[in-house]
Amino acid sequence: MKPGKNPDFFAAVHDIARLVPYGRVTSYGAIARALGVRSASRMVGWAMSASHGAMPPVPAHRVVNSAGLLTGKDHFATPTAMREQLEAEGTLVVDNKVVDFQARFWEPLNELSLD
DNA sequence: TTTTTGACGATTC
DNA sequence: AGAATCGCCAAAA
């Protein structure tokens, strides 16, 4: 195989992002960690930008940074879309930040290993 | 092909 | 405690 250039990276990120349960949130670093690349957290966010036209759709609104901040809200259709979607799931957001982030945090590694 | 960027994270000042 | 910097990896220009 030819490592380096392959959509598999994006696919993996999208896949895990789609695994995030309803009303739950995760962080870019957590996904990166689940992929085996701890320091590729930035790439995760990048892959998310490619998740727009992804099929099935990726719940990017459930992915926030390690601080629970909706850093990617600016990349949504509207600056309030992310927050509204989170609130629609019961995830309270204040000042672009998930309130019970730690409580609602969903670790892919935990679930992937549990299976 | 090289350079710049980018929805992060941890560390250092 | 807050701000700035480095590290990491991959894609777009």
Side-chain angles (χ1 to χ4, degrees):
Chain A
M1 288 297 263
K2 191 177 184 311
K5 188 205 167 132
N6 58 325
D8 196 57
F9 185 86
F10 285 62
V13 175
H14 297 166
D15 185 53
I16 295 180
R18 284 187 295 245
L19 290 174
V20 180
Y22 182 93
R24 228 46 164 280
V25 293
T26 192
S27 65
Y28 304 97
I31 296 177
R33 212 171 304 151
L35 293 175
V37 280
R38 161 175 82 93
S39 306
S41 45
R42 310 178 76 170
M43 280 51 274
V44 176
W46 206 292
M48 298 303 289
S49 58
S51 71
H52 277 283
M55 259 281 290
V58 178
H61 61 274
R62 295 182 189 156
V63 186
V64 296
N65 70 355
S66 62
L69 278 171
L70 281 52
T71 51
K73 68 166 189 168
D74 188 59
H75 293 253
F76 278 72
T78 62
T80 53
M82 191 171 187
R83 171 181 167 176
E84 289 195 17
Q85 286 182 78
L86 284 170
E87 292 186 319
E89 299 187 351
T91 305
L92 302 181
V93 178
V94 175
D95 191 40
N96 298 326
K97 169 196 74 188
V98 178
V99 179
D100 285 336
F101 169 65
Q102 195 174 53
R104 291 183 177 279
F105 183 76
W106 178 83
E107 165 110 40
L109 271 179
N110 184 25
E111 299 298 318
L112 291 172
S113 305
L114 182 62
D115 181 14

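Only a predicted model underlies this, so the values are computations on that prediction, with no experimental measurement involved.
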(Q) Let's go through A/Ile16 and A/Val44 carefully: what are the C-alpha distance in whole Å and the side-chain angles of both, what is the deciding distance for side-chain contact (heavy atoms from CB on, under 4.5 Å) to 0.1 Å, and is it a yes or a no? (A) CA-CA 10 Å; A/Ile16 295 180; A/Val44 176; over 6 Å; no
How many Å lie between [atom1] on [X] and [atom2] on [N], as a whole number?
X	N	atom1	atom2	result
A/Leu70	B/dC8	CG	P	11 Å
A/Asp8	C/dA10	CG	P	12 Å
A/Arg38	C/dC9	CZ	P	10 Å
A/His14	C/dA11	NE2	P	11 Å
A/His52	B/dA7	NE2	P	10 Å
A/Leu69	B/dA10	CG	P	13 Å

Considering only [options], which nucleotide approaches the side chain of [X] most closely?
X	options	result
A/Phe10	B/dA7, B/dA10, C/dA11	C/dA11
A/Arg42	C/dG7, C/dC9, B/dA7	C/dG7
A/Tyr28	B/dA10, C/dC9, B/dG9	B/dG9
A/Trp46	C/dA11, B/dG9, C/dG7	C/dA11
A/Ser27	C/dC9, B/dG9, B/dA7	B/dG9
A/His75	C/dC8, B/dA10, B/dA7	B/dA7
A/Thr71	B/dA7, C/dC9, B/dA10	B/dA7

What does [X] touch in the nucleic acid at a heavy-atom separation under 4.0 angstrom: a base, only the sugar-phosphate, or nothing?
X	value
A/Ser49	base
A/Ala67	nothing
A/His61	nothing

Q. Do the side chains of A/Val63 and A/Val58 get nearer than 4.5 Å, heavy atoms only?
A.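 The answer is no, as the side chains (C-beta and beyond) never meet within the 4.5 Å cut-off.
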Q: Decide side-chain contact (heavy atoms from CB on, under 4.5 Å) for A/Ser27 and A/Phe105; before the verdict, give the C-alpha distance in whole Å, the side-chain angles of both, and the deciding distance to 0.1 Å.
A: CA-CA 8 Å; A/Ser27 65; A/Phe105 183 76; 3.5 Å; yes
Q. Between B/dG9 and A/Ser66, is there an OP1 or OP2 to side-chain N/O distance shorter than 4.0 Å?
A.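 For B/dG9, OP1/OP2 do have a side-chain N/O of A/Ser66 under 4.0 Å.
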Q: Starting from the C-alpha separation in whole Å, work towards a yes-or-no answer on side-chain contact (heavy atoms from CB on, under 4.5 Å) for A/Thr71 and A/Val64.
A: CA-CA 6 Å; A/Thr71 51; A/Val64 296; 5.9 Å; no
